[in-house]
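Contents: one structure, followed by commentary.
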2 protein chains.
Amino acid sequence: MTNAPRSASSRPVHLDDVSKAIIEQLQVDGRRSYADIGKAVGLSEAAVRQRVQRLTESGVMQIVAVTDPMQLGFTRQAMIGIRAGGDTRELAERLAEIPELDYVVLTAGSFDLMAEVVCENDEELINLLNSRIRNLPGVHSTETFVYLKLQKQFYNWGTR
Amino acid sequence: MTNAPRSASSRPVHLDDVSKAIIEQLQVDGRRSYADIGKAVGLSEAAVRQRVQRLTESGVMQIVAVTDPMQLGFTRQAMIGIRAGGDTRELAERLAEIPELDYVVLTAGSFDLMAEVVCENDEELINLLNSRIRNLPGVHSTETFVYLKLQKQFYNWGTR
DNA sequence: AGTGAAACGACCGTAGA
DNA sequence: TCTACGGTCGTTTCACT
């Protein structure tokens with residue numbers, strides 16, 4: 001249910017321009033054929049396939065389906081800032097188990113954790129906050145930032 | 001550069017169990033063959049292909065490459081809460097143009113906007129905050145929440 | 001790491017229920 | 001909206017560089 005934690009290597013992977021170009025192609029269309037990509041980046045089909053395989057196996061890139069919550073009726077989204085005490089790592093694990101939360105991060109600042117929630121309606125959000133977040137051990141207080149408009153969303157980190 | 005804003009239809013799309021099953025297959029491997037998916041969900045290759053085409057053309061789903069910023073040397077991430085005045089929609093557009101920001105959202109609450117930043121190092125983050133965010137017209141103050149650990153990240157909204 | 005070629009399998013268009 | 005099928009194109013494997 002939770003996406004596998006990424007194996008953050010101590011040394012960053014260096015991508016050459018060709019691999020970056022391949023990734024850019026796949027960021028537009030993850031099903032584009034290796035032959036087409038090869039034509040675009042100046043490489044044979046087999047070479048493209050090998051690079052894609054290495055990139056996915058090393059965890060640098062993954063080709064997946066991403067869905068739009070709005071179109072599926074999940075029209076309420078919010079960011080929740082959480083002030084907490086005790087071991088916040090344990091709390092983070094508990095939060096990660098909540099399916100309505102698609103994003104959980106431990107932070108430094110006036111919030112110790114932040115989590116993004118995707119809900120169908122306000123009741124679901126209220127219920128989640130009161131019954132399943134605020135009563136978790138260690139939670140001191142929460143602050144909710146309801147989304148009014150999602151302006152930018154970019155899955156394509158690290159290649160800009 | 002910025003992902004296209006999603007066309008949020010007024011009425012939510014209803015997916016039957018078969019389409020949900022197809023999406024689940026593609027969330028694991030976006031390049032899985034239609035024939036294989038068909039075997040898994042009990043449909044012919046052509047039927048799967050048509051459904052995938054409809055799902056992608058309607059914007060409910062997209063199959064794309066997603067990369068891991070950590071592995072590519074972008075080791076500093078943070079959420080920035082922004083208090084602002086004036087037309088926050090204009091400000092949101094300006095923020096969306098900043099490549100280091102991968103996520104920009106207008107919110108209700110003690111922050112008017114929130115943005116996620118992906119950087120290579122602290123200097124880049126400091127420079128971004130001071131030289132390119134705090135001096136934007138309308139920005140009153142910002143609050144930065146540096147990421148300590150990304151606990152959960154789920155691209156697969158709406159199908160949980 | 002890369003190319004090229006041949007066998008295999010996937011994909012696409014069309015026809016029909 | 002599904003299945004069936006044939007032509008075309010993509011993918012896989014392998015020998016070679």
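Chain A is the first sequence line, chain B the second, and so forth, proteins listed ahead of strands; every chain is numbered from 1.
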Q: Summarise how protein sits on nucleotides 3-17 of chain C as a single string, 5' to 3': B when a protein heavy atom is under 4.0 Å from the base, S for sugar-phosphate-only contact, - for no contact.
A: S------SSBB----

**Q.** Bracket notation of DNA chain C in which parentheses pair within the strand, [ ] cross earlier pairs, and | pairs with another strand (Watson-Crick or G-U, under 3.5 Å)
**A.** |.|||||||||||||||

Q | Arg32(A): salt bridge (Lys or Arg N to Asp or Glu O under 4.0 Å) partners, not counting sequence neighbours | A | none

(Q) With a 3.5 Å distance limit and no angle check, can you tell me whether Thr56(A) reaches the backbone of Met61(A) through a side-chain donor-acceptor pair? (A) no

Q: Mind running side-chain contact (heavy atoms from CB on, under 4.5 Å) on Arg83(A) and Phe111(A) for me, showing each step along the way?
A: CA-CA 5 Å; Arg83(A) 284 174 274 265; Phe111(A) 295 128; 3.3 Å; yes

Q: Take the protein atom CD1 of Ile37(B) and the nucleotide atom P of dC2(D), then report the distance between them rounded to whole Å.
A: 14 Å

Q) How many angstroms lie between CD1 in Ile133(B) and CG in Leu128(B), if you round to the nearest 0.5 Å? A) 4.0 Å

Q. Can you tell me if Ser110(B) and Glu143(A) form a side-chain donor-acceptor pair at under 3.5 Å?
A. yes

Q: Indicate yes or no for a side-chain donor-acceptor contact from Ser58(A) to the backbone of Leu55(A) under 3.5 Å, with no hydrogens or angles considered.
A: yes

Q.
Regarding Arg49(A) and Glu45(A), does a basic nitrogen lie under 4.0 Å from an acidic carboxylate oxygen?
A. yes

Q: For dA1(C) versus dC16(D), give the span between their P atoms, rounded off to a whole number of Å.
A: 22 Å

Q | Side-chain donor or acceptor of Lys152(B) paired with backbone N/O of Ile98(A) under 3.5 Å | A | yes

